[in-house]
Amino acid sequence: MLKRWATVLVTGVSVVGGAATFAAQAADSAAMAKHKTDIGIDLSAMDKSVTPGDNFYQYANGRWMKRTTIPADRSSTGSFMEAFNATEKHREALIQKLVHSHHPAGSDDARIANFYKAYVNTSAINAAGMKPVAADLARYQAISNRQQLSAVLGSNIRADVDPLNATNFFTENLFGLFVTQGLATPGKVLPYILQGGLGLPEREYYLSSSEKMKTIRGQYRAYIAKLLKTAGIDHASERAERIFALETKIAKAQVSREQTEDFAKSSAVWTRSDFAKKAPGIDWGAFFKAAHLGQQQEFAAYSEGAIGKLAALVASEPLQAWKDWLVFHQINSHADVLPSAIDQAHFAFYGTTLSGTPQQRSRDKRALSALDEYLGDAVGEAYVKNYFPASAKARVKAMTDQIIAAFGRRVKALDWMAPSTKKEALAKVNSLIVGVGYPDHWRSYADYKVSPSNAYANEVNGEKVKTEQQLGKLGKPMDRHEWWMNAQIVNAVNLPVQNALNFPAGILQPPFFDAKADAAYNYGAIGAVIGHEISHSFDNNGAAFDSKGAMRNWWTKSDYARFAEQGKALAEQFDTYKPFPDLHVNGKLNLGENIADVAGLAAALDAYHASLHGKPAPVIDGLTGDQRFFIAFAQTWATKMRDQALRQRIATDAHAPGMYRALTVRNLDAWYKAFNVKSGDKLYLPPNKRVKIW
């Protein structure tokens, strides 16, 4: 849920330990093998028998859809995986070299090698059985009163520093922790306290009356019992019923996903004393002391209504239910580093039941993903040294500058915006902090002890180190240059409170960026990504922040009404897309991402036109420059998803499925001209229905 402070291009890139985070827009490299020419786009993926104005996605990707099979270890597939597969191969080569070399004790190279060795050694993990987790389980069983329970809940709190993981609502902790500038405290870094506590992806999985959700609830209860029994916990079925009943009450206490998207209603700042007054039920002194927040006097209480209700459950629900819940989640959240029977049961539910993935990824591939999670900067530093040339960084930085300039020109040209609002908008544009490739400073792992033989301890210690790194920011000015993604990630991010953008090296390669390709291709692919992230500073959430990352209203009433009107129209447009008879895309939930797609694509097109310096674009393989631009954009959203994963995406994710994001083009006048789209075509929108926001 932390996504609202770090707005990513797509959600999770891989399944780590069989978790329910699915591979958003991923693809198998063989299926995505491109017909390489200077044109850049994949001509063999297109189905030119389709009229662009009837189904532009099929026109750009129809033959790819027919020939592509979702890999057995994936819940979805799409264009993002060509880049993901390339980075994975590079990371694999780097890690294998490190694993088979000698390194000084305490070095990052030694940490990487030790972590990998312990993770892939399933024989040692199976031989150890439940011994690695025994001390944690005993700690929970020893709880005898609410004060002790409060202390344990505080000691378990972990800071999430990855926007990819942050899109998930389910967590083993009752509260989440996030550290950045407060929404209502410009310049002051605060710890955010967030709702958590669920083992299913989102509260509606517990509360929805749909038959599909009822079925999943039954399967989840059975899974809880199976996991506990496999772990050797007695009275597994009885405990499972208590755990599920408690989580159902937690779900009812939480606010909805749509409510958590509303910054204006989530900016409350609580003092230490406020917690006892507004959220009785927890011994907050014991909680914060155990969480290493004992000296902190101010907190950002995100979704504050949920905090009080969750605290009340700590007081009202039986102690045994909480102890059972803690035991289950400790095992469930570390299933990948516990015996294989536990790991397999976890994948069977989260990977197959929830996401439809029939086969788990190989252990060595999962180890690479786990390294990204726990030693991401150490791996990233090695990755960029070997695989990200300075020339690529310079070229993408130049494109970013051009698209920012194009966005600025679009703002200046708006005839409906008052001068005062326009001045504030331009201040945001002109003060954007842009990070390309990798951060200026890498995180230190000096305090991270990594064992070559205890994979469980490595994960638990890694979680603690990440949390301490985040807590170390308290009491210091916000670092606007801080990165929230690993350099090797295939994604991009906008950071509203920093007014900053990160474009990791992982996405700065084909199919998004190709130094050999035509400019129209690069502007339609990586240019649209850049424009998308720039535009997040001005979507329905980003527009609430000023140039310094402070949340304040800098709009005139009439300007914001015009902005909101266009947003409503875009939400209604996406509501019309129905992948299933009983389920349509949630345009309101997706609104921020869709605004960023529309505005970002328009800015990227302007920048492409400017790059031609008044000369006509060349026609390549019978396609004009604008045609190649729009096709490149649509092909970056090539997507196939298993039905279970698609349903989960629509229910929980602020990103619309890729096949619908490709239809963003129908809001740009230039697309109609490029493909001669006319009234009567299925995607045709009258000019007054085309959404134009920036």
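Quick note: residue numbers are just sequence positions, from 1.
- Between the side chains of Q498 and H481, no donor-acceptor pair of N or O atoms lies under 3.5 Å.
- Ring geometry, Y438 versus F388: the interplanar angle exceeds 60°, so the pair is classed perpendicular (tilted spans 30 to 60°).
- Considering every non-hydrogen atom in both W442 and D377, the closest pair reads CE3-O, 3.4 Å.
- Here the shortest heavy-atom pairing between K692 and R562 reads O-NH1, 3.5 Å.
- Between D108 and R111 there is a salt bridge, since at least one side-chain N of the basic residue sits less than 4.0 Å from a carboxylate O of the acidic one.
- Using a 4.0 Å cut-off between a side-chain N of Lys or Arg and a carboxylate O of Asp or Glu, K473 and D479 do not qualify as a salt bridge.
- A salt bridge between K568 and E572 is present, with a side-chain N of the basic residue lying under 4.0 Å from a carboxylate O of the acidic one.
- Classification of the F299-F275 ring pair by plane angle, with boundaries at 30° and 60°, yields perpendicular.
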>> Set out, in order, the CA-CA distance, both residues' side-chain angles and the distance that settles side chain to side chain contact (heavy atoms under 4.5 Å, CB included) for F574 and L591, then state yes or no.
In response: CA-CA 9 Å; F574 273 76; L591 183 57; over 6 Å; no

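- A salt bridge between K422 and D559 is absent, with no side-chain N of the basic residue lying under 4.0 Å from a carboxylate O of the acidic one.
- Classified by interplanar angle (parallel below 30°, tilted 30° to 60°, perpendicular above 60°), the ring pair Y192/F178 is perpendicular.
- Taking the charged nitrogens against the carboxylate oxygens, R410 and D606 do have a contact shorter than 4.0 Å, which makes a salt bridge.
- Residues P504 and A487 come closest through the heavy atom pair CB-O, 3.5 Å.
- Classified by interplanar angle (parallel below 30°, tilted 30° to 60°, perpendicular above 60°), the ring pair W284/F175 is tilted.
- Side chains of N594 and T664: no donor on one and acceptor on the other come within 3.5 Å.
- There is no side-chain donor-acceptor pair under 3.5 Å between Q509 and Y387.
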